[in-house]
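Below is one structure; the comments refer to it alone.
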Amino acid sequence: MSLAEQIEKDVITAMKAKDVVRVSTLRMLKSALGNYLIQAKKDRADDSEVLGLIAKQAKQRRESIESFEKAGRTDLAGKEKSELAILEAYLPRQLSDDELRAAVQSAIVASGAHGPSDIGKLMKNLMPSIQGKADGKRVQEVVRSLLK
């Protein structure tokens, strides 16, 4: 079963369980997937594309949580946190700092990157293998620290 089919099945399960937050979150995710398919002019999305969309939605929730907490809106931050938890259930386990550093080092060897001017080449080589497993911001920080 593909990830998109699993999400569809989970929406139905959440509706039967009357889990309002889960239904709302998964419907927003399905809507984002539908918009992506229309933009990409595709009939179906493979799991890597769906994971990318989930990661993007999760990143939006993290940014919203940060903004709401700065503004003192703990009620809205709590709602976003519960949505983030639902989305993170579909993402693969996040890489630890050591695992991320090891992946970056192997990509450096594979791409032959030597300095900051090679970051683009390195990221192009690295990101497909760790997509959804680490936030791009974290990856960029590790890459910059290793390619000084």
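All figures in this text were calculated on a predicted structure; none of them were measured in a lab.
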Roughly how far apart are [X] [atom1] and [Y] [atom2], rounded to 0.5 Å?
X	Y	atom1	atom2	answer
Arg144	Leu122	CZ	CG	11.5 Å
Leu53	Ser48	CG	OG	10.0 Å
Lys59	Lys137	NZ	NZ	8.0 Å
Phe68	Glu63	CZ	CD	12.0 Å
Thr25	Lys30	OG1	NZ	13.5 Å
Ile65	Arg73	CD1	CZ	14.5 Å

Shared hydrophobic cluster, [X] / [Y] (ILVMFWY, side-chain heavy atoms < 4.5 Å):
X	Y	value
Ile7	Met28	no
Ile130	Leu51	no
Ile12	Val23	no
Ile119	Leu100	yes

In residues 84-96, what donor-acceptor pairs under 3.5 Å come from side-chain atoms, sequence neighbours left out?
{"from": "Glu88", "atom 1": "OE2", "to": "Arg62", "atom 2": "NH2", "distance (Å)": "3.3"}
{"from": "Tyr90", "atom 1": "OH", "to": "Asp10", "atom 2": "OD2", "distance (Å)": "2.5"}
{"from": "Arg93", "atom 1": "NH1", "to": "Glu99", "atom 2": "OE1", "distance (Å)": "3.3"}
{"from": "Arg93", "atom 1": "NH2", "to": "Glu99", "atom 2": "OE1", "distance (Å)": "3.4"}
{"from": "Arg93", "atom 1": "NH2", "to": "Glu99", "atom 2": "OE2", "distance (Å)": "3.1"}
{"from": "Gln94", "atom 1": "NE2", "to": "Gly132", "atom 2": "O", "distance (Å)": "2.9"}
{"from": "Ser96", "atom 1": "OG", "to": "Glu99", "atom 2": "N", "distance (Å)": "3.2"}
{"from": "Ser96", "atom 1": "OG", "to": "Glu99", "atom 2": "OE1", "distance (Å)": "3.4"}

Do the non-hydrogen side-chain atoms of Thr74 and Glu69 ever get within less than 4.5 Å of each other?
no
Is there a side-chain contact between Val104 and Leu147, using heavy atoms and a 4.5 Å cut-off?
no
Residues that Lys70 engages under salt bridge (Lys or Arg N to Asp or Glu O under 4.0 Å), provided they are two or more places apart
Glu66
Let me see the working for Lys9 and Met1 under side-chain contact (heavy atoms from CB on, under 4.5 Å), right down to the final yes or no.
CA-CA 10 Å; Lys9 182 179 165 195; Met1 178 181 306; 4.0 Å; yes
Could you list the donor-acceptor pairs under 3.5 angstrom formed between side-chain atoms of residues 15-22 and any protein atom two or more places apart in sequence or on another chain?
{"from": "Asp19", "atom 1": "OD1", "to": "Arg22", "atom 2": "N", "distance (Å)": "3.3"}

All N/O donor-acceptor pairs, side-chain side in residues 32-39, below 3.5 Å, sequence neighbours left out:
{"from": "Asn35", "atom 1": "ND2", "to": "Ser31", "atom 2": "O", "distance (Å)": "3.4"}
{"from": "Tyr36", "atom 1": "OH", "to": "Glu49", "atom 2": "OE2", "distance (Å)": "2.8"}

For Arg138, what residues pass the side chain to side chain donor-acceptor pair (under 3.5 Å) criterion, not counting sequence neighbours?
Asp97
Give a yes or no answer on whether the side chain of Asp47 reaches the backbone of Ser2 with a donor-acceptor pair at less than 3.5 Å.
no
Listed once per pair and sorted, the side-chain hydrogen bond (donor to acceptor under 3.5 Å, both in side chains) pairs that draw on residues 109-130, sequence neighbours left out
none
Worked check of side chain to side chain donor-acceptor pair (under 3.5 Å) between Arg101 and Gln105:
CA-CA 6 Å; Arg101 187 171 291 279; Gln105 287 172 336; over 6 Å; no
Would Val50 and Ile54 satisfy side-chain contact (heavy atoms from CB on, under 4.5 Å), going step by step from the backbone distance to the final call?
CA-CA 6 Å; Val50 176; Ile54 295 171; 3.9 Å; yes
